[in-house]
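One structure below.
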Amino acid sequence: MQATKESMKLEDVLNIFHARNFAYDILRRFFIEEPSKEYLKPFAYQNMIDLFPFQEESEGIKEGIQDIKNYLSSYDPVNKNEDYENLHWDFTKMFIGPFEIKVKPYESAYVSNDGLLFQGTTMAVRNLYKQFAFQSADHMEADDHIGLELDFMFHLNQLCIESCQQDNPNALPEIYYLLKQQQSFINNHLSKFVNEFTDGVIEQADTDFYKGLAKLLNHYLLIDLNVLNELLNIDLQNH
């Protein structure tokens, strides 16, 4: 006898998409470029890190959150220039230079034999971006930069939200397709290097802020892959 497939209404799935939106928005912002005071202000003062989703399901996420809270209780990068400059430098010296890049933020650096950018891996990611009209040209980075790959996941999740909210007869097939694409992107790209990347950040970061973000990123992607797998194996319903 075949087991009955679990079902879920789109309005409930929409809550999951909003939670994912919140998580990917934080991660993409802090890994795509140096932290800005404009974003740090609401992030710190509104205690946004306390709202990070799925923390009850992951000790690693909890640990990352605590690292960031410990940093924010000891330092004030919004109002103290020295704290801001030190946080800014932590990002710069790890991912940009001016000397040797301590932690390479590109998938190619981990998965290709020669580690060269703008080869097969970068092009494969670029083609996926084009397929979903994702614009990464604003950032002068190779397409397989960790921040851009996280931004792409944010973009695909946004498309899921749009499909949920529109009165569209094709909403369900669109959502299944987008979920499958996200599952594939984590499996074929982010999962291929995120462990090594986040280990490097934890080892090289001077601040608990970036150590915590690295733990968040690593453990959140594990949770998110489980979420995607579950959503792909349930019966989504419009009503």
Side-chain angles (χ1 to χ4, degrees), residues 8-73 77-78 87 91 132 134-136 138-139 145-166 174-175 178-179 181-183 185-186 189-191 194 198 201 208-232 234 236:
M8 186 181 284
K9 292 180 180 178
L10 273 192
E11 60 201 62
D12 297 322
V13 178
L14 187 58
N15 291 331
I16 296 172
F17 291 156
H18 281 306
R20 297 179 72 233
N21 219 46
F22 187 84
Y24 275 114
D25 192 32
I26 288 174
L27 293 170
R28 67 174 184 148
R29 286 173 184 270
F30 285 124
F31 282 109
I32 209 165
E33 60 191 2
E34 299 94 329
S36 69
K37 285 190 179 180
E38 291 75 21
Y39 185 64
L40 281 168
K41 189 172 182 178
F43 182 79
Y45 291 172
Q46 295 173 20
N47 297 316
M48 286 170 63
I49 196 61
D50 283 330
L51 303 174
F52 199 91
F54 306 113
Q55 51 188 285
E56 295 308 315
E57 285 86 12
S58 169
E59 288 302 317
I61 288 178
K62 278 185 186 173
E63 194 177 320
I65 288 170
Q66 194 56 53
D67 283 350
I68 293 168
K69 290 178 73 166
N70 290 345
Y71 169 84
L72 291 173
S73 68
V78 176
L87 188 63
F91 181 98
F132 291 94
F134 173 68
Q135 299 294 325
S136 62
D138 291 345
H139 300 276
H145 187 286
I146 182 73
L148 292 176
E149 293 199 358
L150 293 169
D151 199 13
F152 181 56
M153 287 294 295
F154 177 83
H155 174 71
L156 293 181
N157 186 62
Q158 285 274 80
L159 294 178
C160 286
I161 290 173
E162 289 173 17
S163 291
C164 275
Q165 292 175 332
Q166 291 167 358
E174 280 178 7
I175 290 166
L178 288 164
L179 291 171
Q181 290 298 314
Q182 290 171 79
Q183 179 193 53
F185 192 74
I186 293 178
H189 293 284
L190 283 161
S191 289
V194 73
T198 53
V201 175
D208 277 345
F209 189 85
Y210 275 102
K211 290 182 196 291
L213 279 169
K215 292 173 187 175
L216 269 191
L217 170 57
N218 197 3
H219 292 279
Y220 176 69
L221 285 179
L222 292 173
I223 289 282
D224 196 44
L225 196 53
N226 286 336
V227 169
L228 291 168
N229 291 342
E230 287 179 18
L231 288 174
L232 281 164
I234 63 175
L236 301 181

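The basis for the numbers below is simple: all heavy atoms, side chains too, and nothing from hydrogens, waters or symmetry mates. What you see is a predicted model; the values in this text were computed from it and never measured.
Side-chain contact between F22 and M48 is present, with at least one heavy-atom pair separated by less than 4.5 Å. Side-chain atoms of I186 and M153, non-hydrogen and from C-beta on, do get closer than 4.5 Å to each other. Using a 4.5 Å cut-off on side-chain heavy atoms (C-beta onward), F52 and L27 make contact. Residues L228 and R20 form a side-chain contact, since some pair of their non-hydrogen atoms from C-beta on lies under 4.5 Å apart. Contact annotation: the side chain of L178 never approaches that of Q181 to less than 4.5 Å [non-hydrogen atoms, C-beta and beyond]. Annotation: side chain of F30 is not in contact with side chain of L217 (no heavy-atom distance under 4.5 Å). L179 has its side chain within reach of F17: a pair of non-hydrogen atoms, C-beta onward, lies under 4.5 Å apart. Contact check for M8 versus I16: side-chain heavy atoms found under the 4.5 Å cut-off.
In terms of heavy-atom proximity, C164 sits nearest to L14 at CB-CD1, 3.7 Å. Smallest separation of non-hydrogen atoms from P53 and A23: CG-CB, 3.7 Å. A pairwise comparison of heavy atoms in G60 and K215 identifies O-CB, 4.1 Å as the closest pair. Minimum heavy-atom separation, F91 to I32: CZ-C, 4.2 Å. Minimum heavy-atom separation, D67 to G212: CB-CA, 3.6 Å.
Note that the CD1 atom of I61 and the CD1 atom of I65 stand 6.5 Å from one another [nearest 0.5 Å]. To the nearest 0.5 Å, atom CG of residue N218 and atom CD1 of residue I223 are 11.5 Å apart. Of the inter-residue distances, the one linking L87 atom CG with E34 atom CD reads 10.5 Å to the nearest 0.5 angstrom. A distance of 8.0 Å separates CD1 in I26 from CD1 in I68, rounded to the nearest 0.5 Å. How far CD of E162 is from CD1 of I175: 11.0 Å, rounded to the nearest 0.5 Å. Atom-to-atom distance recorded for T198:OG1 and L216:CG is 11.0 Å, nearest 0.5 angstrom.
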Stepwise side-chain contact (heavy atoms from CB on, under 4.5 Å) check, L213 with V201: CA-CA 9 Å; L213 279 169; V201 175; over 6 Å; no

Test side-chain contact (heavy atoms from CB on, under 4.5 Å) applied to F185 and E149, step by step: CA-CA 9 Å; F185 192 74; E149 293 199 358; 3.8 Å; yes

Do any side-chain atoms of residues 36-46 form donor-acceptor pairs under 3.5 angstrom with protein atoms, and if so which ones, sequence neighbours left out?
| from | atom 1 | to | atom 2 | distance (Å) |
| --- | --- | --- | --- | --- |
| S36 | OG | Y39 | N | 3.2 |
| K37 | NZ | N81 | OD1 | 2.8 |
| Y45 | OH | N79 | ND2 | 2.3 |

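Side chain to side chain, N70 and Q66 meet the donor-acceptor criterion of an N or O pair below 3.5 Å.
Outside the 6.0 Å centre-distance limit, the rings of F154 and Y24 are not counted as a close aromatic pair.
Considering E63, Q55, K62, E56 in turn, K62 is the only one that fulfils the side chain to side chain contact (heavy atoms under 4.5 Å, CB included) rule with E59.
The salt bridge (charged side-chain N to carboxylate O under 4.0 Å, His left out) search around D208 returns none, not counting sequence neighbours.
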